[in-house]
Amino acid sequence: MHNDDFPSLIDELKWRGFFEQCTDEDGLAELLSGETVTAYVGFDPTAESLHAGSLLPIMGLVHLQRWGHRPMGILGGATAMVGDPTGKTELRQMLTLEQIDANLAGIRAQLGRFLRLGDGPTDGLLLNNAEWLVGYEYIAFLRDVGRHFSVNQMLARDSVKTRMEHGLSFIEFNYMILQAYDFMVMNRDHGCRLQMGGNDQWGNIVSGIDLCRRLNRTEVFGLTFPLLTTAAGGKMGKTAAGAVWLSADRTSPYDFHQYWVNVDDRDVSRFLRLYTLLDRPEIERLEALSGADIREAKRVLAREVTTVVHGAVAAADAERAAAALFAGAADADSVPASDLPADALVGEGLPLVQALADCGLLKSKGEARRMVRQKAVRINGYQVTDELLRLTSEHVRDGRIALQVGKKKHHHLRVAL
RNA sequence: GGGGGGGUUCCCGAGCGGUCAAAGGGAACAGACUGUAAAUCUGUCGGCAGACGCCUACGGAGGUUCGAAUCCUCCCCCCCCCA
């Protein structure tokens with residue numbers, strides 16, 4: 001239970017940037033140094049895959065486990081059927097039980113890549129709060145749990161206040177109580193002593209701590225992570241195309257890798273600390289780089305994160321593909337590609353704008369036409385000037401046509417001859 | 001339940017009978033510059049069409065008009081005040 005670079009888990013979390021605030025730092029530090037602590041983080045089961053934004057709490061659990069503690073995840077299966085007021089401006093879409101089950105399976109598989117899950121003393125566990133919430137009867141819940149909550153206190157929570165001006169439905173208002181109840185159950189049934197989460201969860205975590213004290217007469221702790229925004233002010237893990245998913249089906253390993261290569265210079269240091277398990281000397285070496293050398297730090301960042309999420313092989317493929325593309329070579333196998341039947345190219349051929357839209361590189365033929373006008377489109381590396389150009393067999397090189405939009409978007413059409 | 005204010009293109013936000021695919025800003029995308037970064041400058045930014053143009057869009061459904069995001073009716077949703 002130690003680490004060469006840091007005297008304690010909390011020290012490491014602080015250095016890496018995970019520590020925003022803690023309900024009782026000294027108490028928690030003592031607890032962590034004395035025994036195996038079970039801690040959990042809640043995840044939204046809103047999709048069958050987690051996205052890059054979830055990487056922060058996941059890594060928080062990873063560090064916990066590395067320090068010999070027991071990480072747990074709660075899928076808000078029941079709460080997803082209600083909606084979460086925290087930091088959201090609109091009522092979230094409600095999910096059905098079937099959707100949640102499917103999402104749970106997907107998320108479980110993903111967490112398994114980061115955490116050692118199982119039944120051992122420090123093996124992680126993933127639970128669905130629907131297990132203990134769905135069957136609970138209203139009157140019973142009010143009697144058992146509701147009486148411990150003060151509406152006055154609830155109204156004072158930031159998560160509620162920020163929703164006051166735009167409206168907050170009663171079921172959303174209850175989210176805090178449900179989440180507090182989760183913590184109480186985790187403590188009672190699994191000996192969980194710590195809940196972690198984004199700082200927007202602070203109020204909910206504190207409510208859970210109160211409930212544990214009242215119902216279980218136990219002392220439990222809360223620790224929150226900072227709410228990350230990118231240096232450019234955007235949400236972490238979001239691009240114009242949408243979220244950066246951890247699932248290869250939703251975000252290809254290549255695109256995932258490129259997301260990290262393309263982060264803002266100002267974010268590199270923070271991200272290395274948060275999202276990689278590199279040791280402190282190595283991170284400090286990379287942080288010392290400046291100017292164009294920062295690219296090396298970005299390459300390492302991309303390689304490390306992609307390796308954890310998609311495996312070493314996929315990470316190496318993505319890296320090789322990127323290197324080939326940006327070095328000008330057009331023969332990389334890992335570039336996103338799709339198949340094109342050879343007969344599409346016979347005769348008149350296939351309009352380029354059609355191909356660009358069909359392969360997903362661009363959203364519409366109109367956009368494709370505009371891009372060509374802006375000299376942004378290249379075929380096999382050669383700039384296209386004619387928006388009416390049609391693809392024919394003449395464009396096939398080594399069994400494929402390399403399409404490129406701008407400097408960073410690539411797609412290959414594999415032509416089956 | 002009563003009174004007032006609102007719902008506009010990804011977001012904010014103008015428009016208040018034709019000149020509106022809809023000002024302005026932000027985001028985004030492309031070009032130049034560069035380091036697959038930032039900043040800056042330029043351009044683009046609903047769909048289809050080579051083009052004329054056509055279609056879809058201003059909470060929903062109807063209506064008035066040659067013509068509606070703009071006027072009328074009903075409905076839905078949000079905010080504020082009163083009960």
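Below, chains carry the letters A, B, ... as their sequence lines are ordered, and counting in each starts from 1.
- Partner L286(A) forms a side-chain contact (heavy atoms from CB on, under 4.5 Å) with one of L278(A), D293(A), V268(A) and no other, that one being L278(A).
- Across all strands shown, E387(A) has no heavy atoms under 4.0 Å from either base or sugar-phosphate atoms.
- Note on R143(A) versus E137(A): no salt bridge recorded, every NZ/NE/NH1/NH2 to OD/OE distance being 4.0 Å or above.
- Rounded to whole Å, the separation between the C1' atoms of G24(B) and C33(B) comes to 28 Å.
- Taking atom NZ on K298(A) and atom C1' on U36(B), their separation rounds to 8 Å, with Å as the unit.
- As rounded to the nearest Å, C82(B) and C71(B) have P atoms that lie 30 Å from one another.
- Contact record, P226(A) with F18(A): CD-O, 3.4 Å, taken as the closest heavy-atom pair.
- Atom C1' of G31(B) sits at a distance of 50 Å from the matching atom of G63(B), rounded to the whole Å.
- Between the side chains of S8(A) and D11(A), at least one donor N or O lies within less than 3.5 Å of an accepting N or O.
- The two residues V37(A) and H69(A) make their nearest non-hydrogen contact at N-ND1, 2.9 Å.
- Comparing the P positions of U64(B) and C72(B) gives an interatomic distance of 15 Å, to the nearest angstrom.
- Across U9(B) and C81(B), the matching P atoms stand 27 Å from one another, rounded to whole Å.
- Regarding K375(A), its NZ atom lies at a distance of 14 Å from the P atom of U44(B), rounded to whole Å.
- Comparing the P positions of U70(B) and U65(B) gives a spacing of 16 Å, expressed to the nearest Å.
- Computed from coordinates, the R266(A) CZ to A39(B) C1' distance equals 9 Å when rounded to whole Å.
- Below the 3.5 angstrom threshold, one finds no donor paired with an acceptor across the side chain of K409(A) and the base of U36(B).
- Looking at every heavy atom in both residues, Q153(A) comes nearest to D210(A) through OE1-OD2, 4.2 Å.
- Comparing A61(B) with C16(B), their P atoms sit 24 Å apart, to the nearest whole Å.
- Among the heavy atoms of the strands lying under 4.0 Å from A292(A) is at least one base atom, whether or not backbone atoms are also near.
- Summarising the geometry, the separation between CD1 on I294(A) and P on A37(B) is reported as 12 Å, rounded to the nearest angstrom.
- For N204(A) (side chain) and Q179(A) (main-chain N/O), no donor-acceptor pair under 3.5 Å exists by modelled atom type.
- For D255(A) and U36(B), the CG to C1' distance is 13 Å, given to the nearest whole Å.
- For Q404(A) and U36(B), the CD to P distance is 13 Å, given to the nearest whole Å.
- Rounded to whole angstrom, the span from the CG atom of D267(A) across to the P atom of G35(B) amounts to 21 Å.
- Side-chain atoms of D293(A) stay outside donor-acceptor range of the base of G35(B), with no qualifying N/O pair under 3.5 Å.
- The base of G43(B) sits within donor-acceptor range of the side chain of Q374(A), with an N or O pair under 3.5 Å.
- When each of R378(A) and Q354(A) is assigned the nucleotide of RNA chain B with its nearest heavy atom, R378(A) is the one assigned upstream, toward the 5' end.
- Protein atom CG of N262(A) is 18 Å distant from nucleotide atom P of U34(B), rounded to whole Å.
- Taking a 4.0 Å limit (strictly below) on heavy-atom distances, residues 358-371 of chain A reaches RNA chain B at S364(A), K365(A), G366(A), R369(A), R370(A), M371(A).
- Annotation: G7(B) and C54(B) have their C1' atoms spaced 30 Å apart (nearest Å).
- Side-chain contact of R400(A) with H412(A): a donor-acceptor pair under 3.5 Å is present, judged by distance alone.
- The nucleotide whose nearest atom lies closest to any side-chain atom of D265(A) is, among G35(B), G31(B), U36(B), G35(B).
- Judged by distance alone, the side chains of E12(A) and W67(A) do bring a donor and an acceptor atom under 3.5 Å apart.
- K407(A) comes within 4.0 angstrom of a base, heavy atoms only.
- Stem regions for RNA chain B, each three or more consecutive Watson-Crick or G-U pairs with both distances under 3.5 Å and listed by first number, read B:1-7 with B:76-82, B:10-12 with B:24-26, B:28-32 with B:40-44, B:46-48 with B:53-55, B:59-63 with B:71-75.
- In summary, the side chains of W15(A) and D5(A) do not present any donor paired with an acceptor at a separation below 3.5 Å, with no hydrogens or angles considered.
- A donor-acceptor pair is defined here as one N or O able to donate and one able to accept, closer than 3.5 Å; no such pair exists between the side chain of E304(A) and the backbone of L277(A).
- Within the structure, a side-chain polar atom (N or O) of R295(A) is placed less than 4.0 Å from OP1 or OP2 of U36(B).
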